[in-house]
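Some notes on the structure that comes next.
No experiment lies behind these values; they were computed from the predicted model shown. Just so you know, these numbers use all the heavy atoms, side chains as well, and skip hydrogens, waters and symmetry mates.
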Amino acid sequence: VQLQASGGGLAQPGGSLNLSCAASRSVFTFKVMGWYRQAPENQRQLVARVTAGHSTYYADSVEGRFTISRDRAKNTMYLQMNSLKPEDTAVYYCYAFLGIEYWGQGTQVTVSS
């Protein structure tokens, strides 16, 4: 299984970015898919995840601003990030779990004016 993350970049505070995680198999076959982020000198933090049963979880810090979703036709998971804050600056990683964990490469998100 391969995961390819993309969509990071520079955004202004209050702006939006939409991260993508393209998978080499159907995103609906994984038990769990989600996004982590890691800022410099910080531990990797779970941002959002979605289960095979369509349950979602969001970290308190992004609840109401970020939305995780999946597209069956495109084998892709997304993280729509709105109302971005400087503290959202980090490298974002997508992952998937199906017996073992699979990780995509990171995509840098920088929120700065």
Side-chain angles (χ1 to χ4, degrees):
V1 175
Q2 293 183 335
L3 302 175
Q4 180 73 34
S6 62
L10 175 64
Q12 292 189 341
S16 299
L17 286 172
N18 190 25
L19 305 184
S20 299
C21 178
S24 59
R25 61 182 292 166
S26 172
V27 293
F28 286 90
T29 62
F30 297 107
K31 292 185 177 180
V32 183
M33 291 193 78
W35 294 91
Y36 277 78
R37 67 186 181 187
Q38 187 166 19
E41 301 181 358
N42 287 354
Q43 292 185 334
R44 193 169 290 191
Q45 172 195 22
L46 175 63
V47 177
R49 66 170 179 237
V50 57
T51 70
H54 309 294
S55 295
T56 55
Y57 163 86
Y58 296 94
D60 288 344
S61 57
V62 307
E63 180 78 52
R65 300 188 296 121
F66 291 10
T67 303
I68 190 169
S69 63
R70 294 169 293 175
D71 186 319
R72 185 185 301 274
K74 297 182 178 180
N75 288 347
T76 301
M77 174 181 64
Y78 300 97
L79 184 68
Q80 177 65 45
M81 306 187 296
N82 298 327
S83 301
L84 284 164
K85 303 176 180 180
E87 50 264 42
D88 294 320
T89 296
V91 178
Y92 284 70
Y93 300 89
C94 61
Y95 83 100
F97 179 77
L98 184 62
I100 63 173
E101 290 184 343
Y102 302 94
W103 289 88
Q105 88 291 0
T107 185
Q108 175 71 47
V109 171
T110 302
V111 183
S112 174
S113 55

What pairs meet the side-chain hydrogen bond (donor to acceptor under 3.5 Å, both in side chains) rule with one or both residues in residues 73-83, with sequence neighbours excluded? Ser16-Asn82, Gln80-Asn82
Residues at least two apart in sequence or cross-chain that pass side-chain contact (heavy atoms from CB on, under 4.5 Å) with Gln105, listed by chain then number, are Gln4, Ala5
side-chain contact (heavy atoms from CB on, under 4.5 Å) partners of Val109, counting only residues at least two apart: Leu17, Leu19, Met81, Tyr92, Val111
Salt bridge (Lys or Arg N to Asp or Glu O under 4.0 Å) pairs touching residues 39-62, sequence neighbours excluded, are none
Closest non-hydrogen atom pair between Leu84 and Ala11, with its separation: CD1-CB, 3.7 Å
Among pairs that include at least one residue of residues 84-113, which meet disulfide (SG to SG under 2.5 Å), considering only residues two or more places apart or in two chains? Cys21-Cys94
In Å and rounded to the nearest 0.5 Å, what is the CH2 to CZ distance from Trp35 to Phe66? 11.0 Å
Partners of Gln108 by side chain to side chain donor-acceptor pair (under 3.5 Å), sequence neighbours excluded? Thr110
By side-chain contact (heavy atoms from CB on, under 4.5 Å), which residues pair with Ser24, not counting sequence neighbours? Val1, Gln2
Test question: given the 4.5 Å side-chain rule for I, L, V, M, F, W and Y, name all other residues clustered with Leu10, or answer none. none
Is there a side-chain contact between Phe28 and His54 in this structure, where contact means two heavy atoms from C-beta onward sitting under 4.5 Å apart? yes
Qualifying disulfide (SG to SG under 2.5 Å) pairs, either residue in residues 25-73, two or more places apart: none
Output all residues satisfying side chain to side chain donor-acceptor pair (under 3.5 Å) with Thr51, sequence neighbours left out; order by chain, then residue number. none
Does Arg25 have any salt bridge (Lys or Arg N to Asp or Glu O under 4.0 Å) partners at least two apart in sequence or in another chain, and if so, which? none
How does the hydrophobic cluster around Val32 look, that is, which other residues are in it when side-chain heavy atoms under 4.5 Å mark a link? Tyr36, Leu46, Tyr57, Val91, Tyr93, Tyr95, Phe97, Trp103
Compare every heavy atom of Met77 with every heavy atom of Gly34, then report the nearest pair and how far apart it is. O-CE, 3.3 Å
Val62 and Arg37, any side-chain heavy atoms less than 4.5 Å apart: yes
With rounding to the nearest 0.5 Å, note down the distance linking OH in Tyr58 to CZ in Arg65. 12.5 Å
Just how far is it from atom CD of Glu101 to atom CG of Leu3, taken to the nearest 0.5 Å? 11.0 Å
